[in-house]
Protein chains: 2
Amino acid sequence: MARPRSDDRRNAIMAAATKIIAAQGIGAPTALIAKAAGVSNGSLFTYFETKADLLNQLYIDLKSELGAVAVDGFPVGEGQREQLAHVWAGLLRWSTANPEKRRALKHLNVAEEVVTSSREAARCGFGEITSLIERARENGPMHAAPYGLFAAFMSAIAEATVEFILQDPENADAHRQTSFDALWRMIG
Amino acid sequence: MARPRSDDRRNAIMAAATKIIAAQGIGAPTALIAKAAGVSNGSLFTYFETKADLLNQLYIDLKSELGAVAVDGFPVGEGQREQLAHVWAGLLRWSTANPEKRRALKHLNVAEEVVTSSREAARCGFGEITSLIERARENGPMHAAPYGLFAAFMSAIAEATVEFILQDPENADAHRQTSFDALWRMIG
DNA sequence: CCTGCATGTTTGACCAGTCAGTCATTTGAA
DNA sequence: TTCAAATGACTGACTGGTCAAACATGCAGG
């Protein structure tokens, strides 16, 4: 058998794409990504059918990683406030500790090339978080609001907080606390 | 004197750019914008030095319009809650009534081509709103939070709300109310 | 009223550069 | 030797921006 199509290469391309897209946005040339991955540009297209395919895969990958990190070490026995605080801290920690991944994800979030089915696929990594949120708000003033609206608020606040922490990292903890308190006040 | 460089043409290009950029994003070819404006592609570059110049002008234009609309009919004598509700309603009304302008603005907001000085220039249309927000939160639990963080929360929530209203226009009023209540709860 | 000229504007074919994706050729493990 | 995998020069499509020619307009003098 010939040298196998290694997953290592795939991952190298994904990692390179993360870096390049974080720096240059979705418009970055595939040739640059291939080069950064130590791969010929022709090879890139044996691992990903099209550029759009690469972007979609990367989106799912990053989003899933974010979801997984946020529920890691989930405090099962605790109250809702502590559980949500845990998830909140996890989201912010990953985003601030992996600025390139976050930045790439930010670009992918608004990219037209990333199709609906990819967005749905990525959502399934957030099942635990979704149900936590549902439970947390069901007795508060936002119980009647559609879930999507509330989820949009949450991720919007998270996004704004991360943006702010990256600008002012010294007060990261304070900003995290401020944003969580604001979020909790919003819930009820 | 020969036919003057009409502002009408400039505006036509701006309007066309709004439409095309809303539909295709920042990457839309200038030729398409020129065509939609009923102008040759060469002419476009007599009104705007470069594509980036056009994007910056358009950004300032749209953002200023949004700011102006939000403070239109500002209820000077009323309480802070009513004042903020007025601004909130104004922001959401403009955004939902002008989906193309909003969509174009959304693209421009994240465009690298739009430089810092343009963003600053656009901010001055929001002076009134800024001071209102400062007054509104100065006695609440967010009084210690940096202004930028709070402003980011606000515009993030507004953005999420608009997105949601456009998906579910029948319940626009309910969503507007929900989001304002959430915002007000956040303030204190 | 017409004609010719000067001034300034509009035009669109064109240019140079860029990009995603292809494919004939090479490589190297089995 | 065999053959899947890797390569990178190449292609065709497209883009922002240019520029020489065409055109509109106002005016002076016949």
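Since we're looking at a predicted model, the values are computed, not measured. So that the names make sense, note that chain A is the first sequence line, chain B the second, and so on, each numbered from 1.
The nearest whole Å value for the distance from the CD atom in B:Glu113 to the P atom in D:dT15 is 15 Å. Taking atom CZ on B:Phe45 and atom C1' on C:dC14, their separation rounds to 14 Å, with Å as the unit. Straight-line distance from the CG atom of A:Leu32 to the P atom of C:dT18: 12 Å, rounded to whole Å. For A:Ile33 and C:dC19, the CD1 to C1' distance is 12 Å, given to the nearest whole Å. Taking atom CZ of residue A:Phe48 and atom P of nucleotide D:dA6, one finds them 13 Å apart after rounding to whole Å. Whole-Å rounding puts the B:Leu55 CG to D:dT15 C1' distance at 14 Å. If you take CD1 of A:Ile13 and C1' of D:dA5, they are 13 Å apart, rounded to a whole angstrom. Atom CG of A:Asn41 is separated from atom C1' of C:dT22 by 10 Å (rounded to the nearest Å).
Both A:Lys51 and B:Leu44 sit near DNA chain C, but only B:Leu44 has its closest nucleotide nearer the 5' end.
Remark: B:Lys51 does not engage B:Glu113 in a salt bridge, criterion side-chain N to carboxylate O under 4.0 Å. A salt bridge does not link B:Asp53 to B:Arg10: none of the charged nitrogens lies less than 4.0 Å from a carboxylate oxygen. Taking the charged nitrogens against the carboxylate oxygens, B:Glu163 and B:Arg103 have no contact shorter than 4.0 Å, which rules out a salt bridge. Of the charged side-chain nitrogens involved, at least one lies within less than 4.0 Å of a carboxylate oxygen, so that B:Arg81 and B:Asp181 count as a salt-bridged pair.
Applying the 4.0 Å criterion to OP1 and OP2 of C:dT10, one finds that B:Ser40 has every side-chain N and O outside that range. In this structure, A:Tyr47 reaches the D:dA6 phosphate: one of its side-chain N or O atoms is under 4.0 Å from OP1 or OP2. When the side-chain nitrogen and oxygen atoms of B:Arg9 are compared with OP1 and OP2 of C:dT11, one or more of them lie within a distance under 4.0 Å.
Taking the six-membered ring where the residue is Trp, A:Trp88 and A:Phe180 present tilted rings, their angle falling between 30° and 60°.
Proximity note for A:Ser43 (side chain, C-beta onward) versus C:dT10, D:dT7, D:dG8: the nearest is D:dT7. Side chain of A:Thr30, nearest nucleotide from C:dA20, D:dA9, D:dT7: C:dA20.
Across all strands, B:Ala28 comes closer than 4.0 Å only to sugar-phosphate atoms, never to a base (heavy-atom distances).
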